**Q** 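The structure follows.
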Number of protein chains: 2
Amino acid sequence: MVKNNDEEVTVMKVRRSDRLVDMTRYLLERPRTLISLKFFAQRYDSAKSSISEDLGILKRTFQDRGTGILETVPGAAGGARFIPYILREDAQKFIEQIIHEVNDESRLLPGGYVYLSDLLSRPDVLRQVGRLIATQYLNQDVDTVMTVATKGIPIAQSVATFLNVPFVIVRNDSHITEGSTVSVNYVSGSSKRIEKMELSRRSLKEGAHVLVVDDFMKGGGTLNGMASLIKEFDASLVGMTVFAEGEFSGEHRLVDHYTSLIKVNAVNPNDQTITAQPGNYLTTVFGKEMGSK
Amino acid sequence: MVKNNDEEVTVMKVRRSDRLVDMTRYLLERPRTLISLKFFAQRYDSAKSSISEDLGILKRTFQDRGTGILETVPGAAGGARFIPYILREDAQKFIEQIIHEVNDESRLLPGGYVYLSDLLSRPDVLRQVGRLIATQYLNQDVDTVMTVATKGIPIAQSVATFLNVPFVIVRNDSHITEGSTVSVNYVSGSSKRIEKMELSRRSLKEGAHVLVVDDFMKGGGTLNGMASLIKEFDASLVGMTVFAEGEFSGEHRLVDHYTSLIKVNAVNPNDQTITAQPGNYLTTVFGKEMGSK
């Protein structure tokens, strides 16, 4: 045994590198899931003590690089759980980058609308949007992410991926392959029209904690409709976050508490300008920055 | 210098571990993107030769674990590019798992439809669906993934994430925030009705290589419509893959070449049974298995 000691050490060294690479991937793909020491020990045919050390390295690196928290649960039944987040600095940089891209007059559409579909179909943008929103609800129970078809879907999916929970899609039109549905009427905040939205009955459980996300909010009517729908299911609303908040000229919005990553205001079809600025995300999630008023 | 040699080695060891963890995350988040040695060398304040060794470890582990290919480009201007794939064995296991979940009579809806929305809104299922479809087009140029609203969107997004390209959403209803659109009429394969679908003009470039995905195919009319739309944009069709293929009682399907992960047939509302089985994905992508006829 003593004779082979050197060789054994070499083998172990190689193994540690491989373990680190594979454990990183494994944990990143399963956010918020407790993976046991035992599982990793068997997967890599290694001692639990070695796995513990590996997890220490992952934890430190994830923290140093702002990737997320690796919660380690001690003891024989212990393991690790990866909770992705974004640092304020990175969130701010991303929001600034988005604002820069949105401030482009070629995005102006008739009626003061802004074309954003290209941004919300880019994997790099969606990944960051999902990471930002997941960070906001880091310490809250979320069982399901809810959105309304069509353009909220990619955001819901990205947030759901970081929170590792399913998402549900509310629709304005009924669809035969959804089975029985529950519907609510709601007042569109901007047009004041009565609309209807519905959700497949089997897609949401009673008592579920639901996070609502959407791409764009004007008067808040759609968000408000989703809040009613959540009540119809006897589920509870955790929070509401939208990618962009538009200018609203009405008296007051139909929702009080919401978070927006960016605010698109002063869309001016006359002089063809768009002014995007940060929404309330950064102060809501990270508080006021030191030095700011 | 000699005196500090031991310490230096220790420091380097720690650094390698940290680099491996962070490089793994960095590359996984940016599939198909060449990351230069220089970038990593600066990021970790390390020699390019050390980075090269790190990449060798990643490459080996990714291969051993069936995570994907790490293409390494040699030379001073070189770097690495991560190309995710799935092994036949893992793909087969996933398809079997899905079939097991689909074969559940409580999924039966009136008219012989099958409820699948829960599966296609689970991040774990969508990740694997995306990985499978991305593997099929591993060696092909894909600039954009196309789907039709609503239920194809999560699949398109997942595939687009693995291919690291944007996706576009074709709609049956026009939407004001999309700007000018191009539309085509198409014949629904199952109902034989004439329908219309449209896509925002600015969302697809001339000459783009487009991969079409959807959740469900019956007669193939929708897929066929998307193929026409691609022609209207002077773009080219790379391929068509659907999550599930349903039973089709018509004369012939409107598309010839398509791939399906699963086939849901013999949906029988009388005796309340569903029979799901593998689609043509495994043989299309991996060829016939040795030993099978």
Side-chain angles (χ1 to χ4, degrees), chain A residues 14 16-26 28-31 54 57-58 60-62 64-65 67 106 109-111 113-118 121-124 126-127 149-151 153-154 156-158 160-169 171 173 175-179 200 202-203 216, chain B residues 14 16-26 28-31 54 57-58 60-62 64-65 67 106 109-111 113-118 121-124 126-127 149-151 153-154 156-158 160-169 171 173 175-179 200 202-203 216:
Chain A
V14 173
R16 162 144 295 162
S17 311
D18 291 20
R19 287 198 312 255
L20 289 173
V21 171
D22 191 60
M23 284 169 91
T24 300
R25 180 193 60 81
Y26 197 90
L28 288 177
E29 285 186 356
R30 289 160 186 82
D54 297 343
I57 295 168
L58 264 72
R60 183 184 66 217
T61 307
F62 285 171
D64 288 353
R65 300 280 167 185
T67 305
S106 75
L109 297 173
Y113 285 94
V114 181
Y115 183 77
L116 295 172
S117 302
D118 58 329
S121 59
R122 269 168 44 191
D124 59 328
L126 287 170
R127 179 184 296 116
T150 305
K151 292 200 280 183
I153 300 174
Q157 179 168 353
S158 184
T161 302
F162 280 103
L163 296 177
N164 209 6
V165 297
F167 57 95
V168 296
I169 304 169
R171 304 176 67 135
D173 56 328
H175 203 279
I176 201 164
T177 59
E178 292 297 323
S200 167
R202 59 176 102 189
S203 66
F216 200 81
Chain B
V14 174
R16 161 142 296 161
S17 311
D18 291 20
R19 287 199 310 257
L20 289 173
V21 171
D22 192 59
M23 285 168 91
T24 300
R25 180 194 60 82
Y26 197 91
L28 288 177
E29 284 186 357
R30 289 159 185 82
D54 298 344
I57 295 168
L58 264 70
R60 183 183 66 217
T61 307
F62 285 171
D64 289 352
R65 299 280 167 184
T67 305
S106 75
L109 297 172
Y113 285 93
V114 181
Y115 184 76
L116 295 173
S117 301
D118 59 328
S121 60
R122 268 168 45 190
D124 60 329
L126 287 169
R127 178 183 297 115
T150 306
K151 290 199 279 182
I153 300 172
Q157 178 167 352
S158 183
T161 301
F162 281 103
L163 296 177
N164 208 7
V165 297
F167 57 95
V168 296
I169 304 170
R171 303 175 67 134
D173 57 328
H175 203 277
I176 201 162
T177 59
E178 293 296 323
S200 166
R202 60 176 101 190
S203 66
F216 202 81

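Keep in mind the model is a prediction, meaning the values are calculated, not measured. In the text below, chain A, chain B and the rest are named by the order of the sequence lines, each starting its count at 1.
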**Q** Evaluate the side-chain contact (heavy atoms from CB on, under 4.5 Å) criterion for residues B:S117 and A:R202: first the C-alpha distance (whole Å), next the side-chain angles of each, then the deciding distance (0.1 Å), finally the verdict.
**A** CA-CA 10 Å; B:S117 301; A:R202 59 176 102 189; over 6 Å; no

**Q** Which atoms of A:R25 are under 4.5 Å from chain B, going by heavy atoms: the side chain, the backbone, both sets, or neither?
**A**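 Both the backbone and the side chain of A:R25 come within 4.5 Å of chain B.
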
**Q** Measuring heavy-atom distances to chain A, does B:L126 have an atom under 4.5 Å in its side chain, in its backbone, in both, or in neither?
**A**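 Side chain only.
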
**Q** Checking B:F216 against chain A: side chain, backbone, both or neither under 4.5 Å from a heavy atom?
**A**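 Interface part for B:F216: neither.
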
**Q** Which residues satisfy the side chain to side chain donor-acceptor pair (under 3.5 Å) test with B:R122, sequence neighbours excluded?
**A**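 Result, side chain to side chain donor-acceptor pair (under 3.5 Å) vs B:R122: B:E101, B:D124.
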
**Q** What part of A:I169 gets within 4.5 angstrom of chain B, counting heavy atoms only: side chain, backbone, both, or neither?
**A**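 Looking at A:I169, just its side chain touches chain B.
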
**Q** Please rank A:E29, A:R30, A:K151, A:M23 by heavy-atom pairs under 4.5 Å with chain B and give me the top one.
**A**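 It is A:E29.
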
**Q** If I compare all heavy atoms of B:F167 with all of A:S121, which pair ends up nearest, and what's the gap?
**A**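 Of all heavy-atom pairs spanning B:F167 and A:S121, the closest is O-CB, 3.0 Å.
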
**Q** How far apart are the closest heavy atoms of B:N164 and B:P31, and which atoms are they?
**A**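 Closest approach of B:N164 to B:P31: ND2-O, 3.0 Å.
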
**Q** What option among B:T67, B:D118, B:V168 has the most heavy-atom pairs under 4.5 Å with chain A?
**A**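 Option with the greatest count: B:T67.
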
**Q** Say you draw a straight line from CD1 of A:I153 to CZ of A:R171; how long is it, rounded to the nearest 0.5 Å?
**A**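 If we round to the nearest 0.5 Å, A:I153:CD1 and A:R171:CZ are 7.5 Å apart.
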
**Q** Given a strict heavy-atom distance threshold of 4.5 Å, which part of B:T161 is in contact with chain A: side chain, backbone, both, or neither?
**A**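 Interface part for B:T161: both.
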
**Q** Could you check which of B:A149, B:P166, B:A156 has the highest count of heavy-atom pairs closer than 4.5 Å to chain A?
**A**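 Of the options given, most contacts go to B:P166.
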
**Q** Between A:S203 and chain B, with a heavy-atom cut-off of 4.5 Å, which part of the residue counts as in contact: side chain, backbone, both or neither?
**A**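 The answer is both parts of A:S203.
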
**Q** Which answer fits A:S200, side chain, backbone, both or neither, if we ask what part of it has an atom under 4.5 Å from a heavy atom of chain B?
**A**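 Contact with chain B involves the side chain of A:S200 alone.
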
**Q** So, for A:A160 and B:P123, which heavy atoms are closest and what is the spacing to 0.1 Å?
**A**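 Nearest pair, atom of A:A160 first, then B:P123: O-CG, 3.5 Å.
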
**Q** Show the nearest heavy-atom pair for residues B:F162 and B:R127, with the distance to one decimal.
**A**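 Between these two residues, the closest heavy atoms are CE1-O, 3.1 Å.
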
**Q** Mind ranking A:L20, A:T150, A:L58 by heavy-atom pairs under 4.5 Å with chain B and telling me who comes out on top?
**A**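 Max contact count across the listed options: A:T150.
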
**Q** side-chain contact (heavy atoms from CB on, under 4.5 Å) with B:T24: which of B:D22, B:L28, B:V21?
**A**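 Single pass found, and it is B:L28.
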
